[in-house]
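What follows is a short report on a single structure.
Letters A, B, ... are given to chains in the order of the sequence lines, protein chains preceding strands, and every chain is numbered from 1.
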Amino acid sequence: MSWGFLCDLLSGVNKYATGIGRIWVAVVFIFRLLVYIVAAENIWKYEHDEFECNIKQPGCENVCFDHFFPVSHIRLWALQLIMVFTPSLLVVFHVAYRENREKHRNQKLYKSPGEIDGGLLCTYLISLILKTGFEIVFLILFYKLYNGFEVPRLVRCDVRPCPSTVDCYISKPTEKMIFLYFLVSTSCLCIVLNLSELSYLTFKHSIKCYLKRYIKKRQ
Amino acid sequence: MDWGALHTILGGVNKHSTSIGKIWLTVLFIFRIMILVVAAERVWGDEQDDFICNTLQPGCKNVCYDHFFPISHIRLWALQLIFVSTPALLVAMHVAYRRHEKKRQFRKGDQKCEYKDIEEIRKQRFHIEGSLWWTYTSSIFFRLVFEAVFMYAFYFMYDGFRMPRLMKCNAWPCPNTVDCFVSRPTEKTVFTIFMIAVSSICILLNVAELCYLLTKFFLRRSKKAGKPKQHPNHENKEETKQNEMNELISDSCQNTVIGFSS
């Protein structure tokens, strides 16, 4: 069980997405997941071993690390990727439900089970809203937990059992900051893509509804 | 999801590329991604553990390492490879869009549509002309820009491409100017020069491909301007023959590309 499992699930989603949705999938796969796996994971791999405090007091380093990194950046990143992927599964389930219904009733109920209209449109819009919501929540969480997106070189720690205020040094702070900014920019790009897709679909279908009503009235 | 997945995604684009584009893709996967995964990552694997400073002052090593390596070579290469590969997706998206349109035409029963079934549409290879030419050329242009930007960033960040054995560091909390020793500097220099050389080759291939596409474009335009009544099928047959030859060459190239995963 690894990222491959999620990838397989999500390549199925691509089939039912709009053009913007497919760009979103490409951005998430390549600029977020691939970057996470081939680059970011290795930067944070030994973060605890390389976290060094200017003290020999046993336990001080552990306690200070825990104080400054309640949840590691990389774990938050992974959680964010998982949470952002999962609303797309709502669409997959709905399409599967449609296909199942057609099979059971042995008649064509839908023009094409994957076409985004009616109930599937609502599901798709909800999934877009949820994706955007999760992105924003995680960005705010990152900001609040770490006081911005900067990674300092030095943190001052005075948690027990450290006997006084102790200097603790974080490993690779610049590299971590670069990748954090990369994560933030790709999240923002994904938020923009989701919002454009949301407005596009809402606009398209309101025009469709309006035209249908107009034609009915004329008849 | 790893480099193998990128290989699968880009492999699809290969069908619609020119011969130079196919060579570029092969060079990218064998001489850059594969070298990165099987060799370079091991060389840089212990870079911080074996970065040793001549001091016992806690924190000095961390700070000096961060000062001299704001972003590791290996991460910069990984980002470079990702950014350089992605313009090809523009072409993949354009092709997918064209296929979608043809499928829609086919389903509507359009008489203009010349395909017998959907499978034929799926397997069809599009010639690089019209709007696809513009997409393809833009993708090559972006590739060139990304390659150049990353090479410059490399040169700027590391003052050249050589990895020194010794660095002198006086960042706080180091008590004075401290000697810090990099692990495996010669091996790192060799790999850095190798990766830069292969990047340069890729830049040359991209420039050659760009020139080839522009030349073809202007020749086609001048032919159209000079001989407006030329039979359309004649040109298409010649192009189809050339494309078939390209496909044969690329297929034999593809068979020698070994699939891999990190």
Check whether more than 12 heavy atoms from other residues, nucleotides or ligands sit under 6.0 Å from atom [atom1] of [X], and answer yes or no.
X: A:Tyr181; atom1: OH; answer: yes
X: B:Arg162; atom1: CZ; answer: no
X: A:His205; atom1: NE2; answer: yes
X: A:Leu211; atom1: CG; answer: yes
X: B:Phe141; atom1: CZ; answer: no
X: B:Phe142; atom1: CZ; answer: no
X: B:Phe31; atom1: CZ; answer: no
X: B:Tyr97; atom1: OH; answer: no

Is there a donor-acceptor pair closer than 3.5 Å between any side-chain N or O of [X] and the backbone N or O of [Y]?
X: A:Glu175; Y: B:Phe69; result: no
X: B:Asn62; Y: A:Phe51; result: no
X: B:Asp66; Y: A:Thr174; result: yes

Which heavy atom of [X] sits nearest to which heavy atom of [Y], and what is that distance?
X: B:Pro58; Y: A:Cys53; result: CB-O, 3.8 Å
X: A:Tyr169; Y: B:Pro173; result: OH-CG, 2.8 Å
X: A:Ile178; Y: B:Pro70; result: CD1-O, 4.1 Å
X: B:Ala171; Y: A:Arg153; result: CB-NH1, 4.3 Å
X: B:Gly59; Y: A:Glu52; result: N-OE1, 3.4 Å

Quick one: of A:Lys172, A:Arg22, A:Met177, A:Lys176, who has the most non-hydrogen atom pairs under 4.5 Å with chain B?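 Of the options given, most contacts go to A:Lys172.
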
Top contributor to chain B contacts, counting heavy-atom pairs under 4.5 Å, from A:Asp49, A:Ile23, A:Asn54: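 The answer is A:Asn54.
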
Going by the angle between their ring planes, with limits at 30° and 60°, are A:Phe182 and B:Phe83 parallel, tilted or perpendicular?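 Aromatic pair A:Phe182/B:Phe83 classed perpendicular.
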
Show your working on side chain to side chain contact (heavy atoms under 4.5 Å, CB included) between A:Val38 and B:Leu36 and close with a plain yes or no. CA-CA 11 Å; A:Val38 308; B:Leu36 183 82; over 6 Å; no

A:Phe179 side chain near B:Arg75 side chain, heavy-atom distance below 4.5 Å: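 SC-SC contact between A:Phe179 and B:Arg75 confirmed.
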
Would you mind reporting whether A:Asp167 and B:Trp172 have side-chain heavy atoms less than 4.5 Å apart?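 B:Trp172 reaches A:Asp167 side chain to side chain.
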
For B:Ile74, is it the side chain, the backbone, both, or neither that has a heavy atom closer than 4.5 Å to a heavy atom of chain A?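 Looking at B:Ile74, nothing touches chain A.
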
[X] [atom1] to [Y] [atom2] distance, which is reported to the nearest 0.5 Å:
X: B:Leu6; Y: A:Ile30; atom1: CG; atom2: CD1; value: 6.0 Å
X: B:Gln48; Y: A:Lys45; atom1: CD; atom2: NZ; value: 13.5 Å
X: A:Asn42; Y: B:Ser72; atom1: CG; atom2: OG; value: 9.0 Å

Is chain B contacted by the side chain of A:Tyr36, its backbone, both, or neither, given a heavy-atom distance below 4.5 Å?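 Neither part, no heavy atoms under 4.5 Å.
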
Can you tell me which portion of A:Ile170 sits under 4.5 Å from chain B's heavy atoms? Options are side chain, backbone, both or neither.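 Contact with chain B involves the backbone of A:Ile170 alone.
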
